[in-house]
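Have a look at the structure below before the remarks.
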Amino acid sequence: MKYTKQNFMMSVLGIIIYVTDLIVDIWVSVRFFHEGQYVFSALALSFMLFGTLVAQCFSYSWFKADLKKAGQESQHCFLLLHCLQGGVFTRYWFALKRGYHAAFKYDSNTSNFVEEQIDLHKEVIDRVTDLSMLRLFETYLEGCPQLILQLYILLEHGQANFSQYAAIMVSCCAISWSTVDYQVALRKSLPDKKLLNALCPKITYLFYKLFTLLSWMLSVVLLLFLNVKIALFLLLFLWLLGIIWAFKNNTQFCTCISMEFLYRIVVGFILIFTFFNIKGQNTKCPMSCYYIVRVLGTLGILTVFWVCPLNIFNPDYFIPISITIVLTLLLGILFLIVYYGSFHPNRSAETKCDEIDGKPVLRECRMRYFLME
């Protein structure tokens, strides 16, 4: 398994999107504050802090676990960096520094790998996979609520400033990028998993996730207009179901009990918005049930609005929103069927990976127990 120049460029693009997302979130929060919309400002800032704090917790936990595994003591400077919200940036520094060495200093086209070259590529791939996990955590914990908030404000006022449009676009890009990048990085880090390399599978997977997410988020926004308490109750109920599902599957991602509990809480939150295989097993039946419930919930919300229309915004404005929700839902389900029917790496019979010359690579690490697809 090799870390290529293309992988390095994807890592660079990843940190650009990450930094841009943080800057835009702060910008929107400050803009709301100056306009006197203190509730919206506090919510935008809270979503950002919630996502970053959880990511820092997992990052520091993994640093401690890696140091302990290597027989080294935990360094206080790492704890300080994570308290100052610099853990992810520290990981990017190490990953890009080692990644540049692996991608550009060694010839990727040669098959004459020595043992230390294999170790270098393995180290970089593991670092990049850790980053993709952290970005996935932060994106769904911060990006999804942020997107719902911005869409709600946009529909409530019927217009938005440039910062709000920027927040919507950047959130969509961050969610899309982190989801696809995570799937690619995870499969690359596990030699027994088939890679997701071709462009068509990546685009199909991206559209499946993006369309189903947008449809559900717009539905939640409409439900917020109907009744904020009902909407929050529904989201909390779905969150609780996701946590129960994680406990039922007895996930084993973290070595620490408290971090495993936090992980299951995060998994439950992610399952509010999209489906992931949290145990790495055959999930045809759970996935089918998940999206059947999603379709019924979406249609139920739309039916309530059509039967009991509210004078919140112009009916002419509501019609295109309803059409958008239905179309994105149908397209998302269609791309889901196409992806799992034609492009999923595991759709054909399992084949053994080619043996690597030199030292065998043992990958019994945390990514094996993380969210699968």
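Both backbone and side-chain heavy atoms feed into the values below; hydrogens, waters and symmetry mates do not. Since we're looking at a predicted model, the values are computed, not measured.
Atom OH of Tyr291 is separated from atom CD1 of Ile333 by 6.5 Å, given to the nearest 0.5 angstrom. Rounding to the nearest 0.5 Å places CD of Gln146 at 10.0 Å from CD1 of Ile175. Note: Arg294 CZ to Thr212 OG1 = 6.0 Å, rounded to the nearest 0.5 Å. For the atom pair OH of Tyr60 and CG of Leu80, the computed distance is 10.5 Å after rounding to the nearest 0.5 Å. For the atom pair CD of Gln37 and OG of Ser29, the computed distance is 11.5 Å after rounding to the nearest 0.5 Å. Put simply, CG on Leu240 and CD1 on Ile265 are 11.0 Å apart, with the number rounded to the nearest 0.5 Å.
Under the 4.5 Å side-chain heavy-atom criterion for ILVMFWY residues, a single connected hydrophobic cluster contains both Met259 and Phe261. Ile257 and Phe247 fall into different hydrophobic clusters, where Ile, Leu, Val, Met, Phe, Trp and Tyr are joined by side-chain heavy atoms under 4.5 Å apart, directly or via other members. Taken together through direct or relayed side-chain contacts under 4.5 Å among Ile, Leu, Val, Met, Phe, Trp and Tyr, Leu13 and Met169 form parts of separate hydrophobic clusters. Hydrophobic cluster membership differs between Leu223 and Val293, with clusters built from Ile, Leu, Val, Met, Phe, Trp and Tyr side chains linked at under 4.5 angstrom. In this structure, Phe225 is a member of the same hydrophobic cluster as Ile321, with clusters built from ILVMFWY side-chain heavy atoms closer than 4.5 Å.
Checked by atom type and distance alone, the side chain of Tyr290 pairs as donor or acceptor with a backbone atom of Thr274 at under 3.5 Å. Checking side-chain atoms of Asp21 against main-chain N and O of Ile17 turns up no donor-acceptor pair under 3.5 Å. Remark: side-chain polar atoms of Asn227 are paired, donor with acceptor, to backbone N or O of Lys229 under 3.5 angstrom. In terms of modelled atom types and a separation under 3.5 Å, the side chain of Lys202 and the main chain of Asp181 share no donor-acceptor contact. Checking side-chain atoms of Thr324 against main-chain N and O of Pro320 turns up a donor-acceptor pair under 3.5 Å. A donor-acceptor contact shorter than 3.5 Å links the side chain of Thr303 to the backbone of Leu299. Side chain of Ser59 to main chain of Gln56: no donor-acceptor pair is present (N/O by atom type, distance under 3.5 Å, no hydrogens or angles). The closest donor-acceptor contact from the side chain of Arg31 to the backbone of Ser41 lies at 3.5 Å or more, if one exists at all. Panel note: side chain Trp216, backbone Leu329; no donor-acceptor pair is recorded below 3.5 Å. Side-chain atoms of Ser215 come within 3.5 Å of backbone N or O of Ile325 as a donor-acceptor pair.
Two rings, from Tyr38 and Phe32, have their centers 6.0 Å or more apart. Aromatic pair Tyr340/Tyr205: centroids not less than 6.0 angstrom apart.
Contact annotation: the side chain of Val54 never approaches that of Glu138 to less than 4.5 Å [non-hydrogen atoms, C-beta and beyond]. Residues Ser176 and Lys209 fail the side-chain proximity criterion, which asks for heavy atoms closer than 4.5 Å. Between Leu271 and Leu238, the closest side-chain pair of non-hydrogen atoms is not below 4.5 Å. Considering only heavy atoms from C-beta on, Thr179 comes within 4.5 Å of Tyr140 through its side chain. Side-chain contact check for Leu147 versus Leu214: some heavy-atom pair is nearer than 4.5 Å. Using a 4.5 Å heavy-atom threshold, the side chains of Trp245 and Pro286 count as touching.
Within a 6.0 Å radius of CD in Gln6, other residues, nucleotides and ligands contribute 12 heavy atoms or fewer.
Below 30°, between 30° and 60°, or above 60°: for Tyr208 and Tyr339 the angle between ring planes is below 30°, a parallel geometry. Using cut-offs of 30° and 60° for the angle between ring planes, the His82 and Phe63 rings count as perpendicular. Taking the six-membered ring for Trp and thresholds of 30 and 60 degrees, Tyr18 and Tyr92 have ring planes inclined between 30 and 60 degrees apart. Note on ring orientation: taking the six-membered ring where Trp is involved, the planes of Phe137 and Trp62 are tilted (angle from 30° to 60°).
In plain terms, the two heavy atoms of Leu81 and Thr90 that are nearest each other are CD1-OG1, 3.5 Å. Smallest separation of non-hydrogen atoms from Ala44 and Leu149: N-CD2, 3.9 Å. Heavy-atom minimum distance, Val124 versus Ala102: CG2-CB, 4.1 Å. Taking each heavy atom of Leu235 and Ile272 in turn, the nearest pair found is O-CD1, 3.6 Å. Between Phe8 and Gly99, the closest heavy-atom pair is CD1-C, 3.8 Å. Taking every heavy atom of both residues into account, Gly14 and Trp177 meet most closely at CA-NE1, 3.5 Å.
Checked by atom type, the side-chain pair Thr4/Asn7 shows a donor-acceptor distance below 3.5 Å.
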Practice task
Go through Phe104 and Lys5 one step at a time and tell me if the side-chain contact (heavy atoms from CB on, under 4.5 Å) criterion holds.
Solution key: CA-CA 7 Å; Phe104 292 93; Lys5 296 176 182 178; 3.8 Å; yes
Practice task
Go through the steps to decide whether Asp130 and Phe58 satisfy the test side-chain contact (heavy atoms from CB on, under 4.5 Å), and finish with yes or no.
Solution key: CA-CA 10 Å; Asp130 283 348; Phe58 279 104; over 6 Å; no
Practice task
Kindly determine whether Val19 and Phe89 satisfy side-chain contact (heavy atoms from CB on, under 4.5 Å), including the steps that lead there.
Solution key: CA-CA 9 Å; Val19 172; Phe89 291 107; 3.7 Å; yes
Handout entry: Intermediate values then yes/no, side-chain contact (heavy atoms from CB on, under 4.5 Å), Leu22 and Gln85
Key = CA-CA 12 Å; Leu22 289 177; Gln85 305 299 302; over 6 Å; no
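Under the ring pair (Phe, Tyr, Trp, His ring centres under 6.0 Å) test applied with Phe273, the options Phe276, Phe269, Phe275 reduce to a single match, Phe269.
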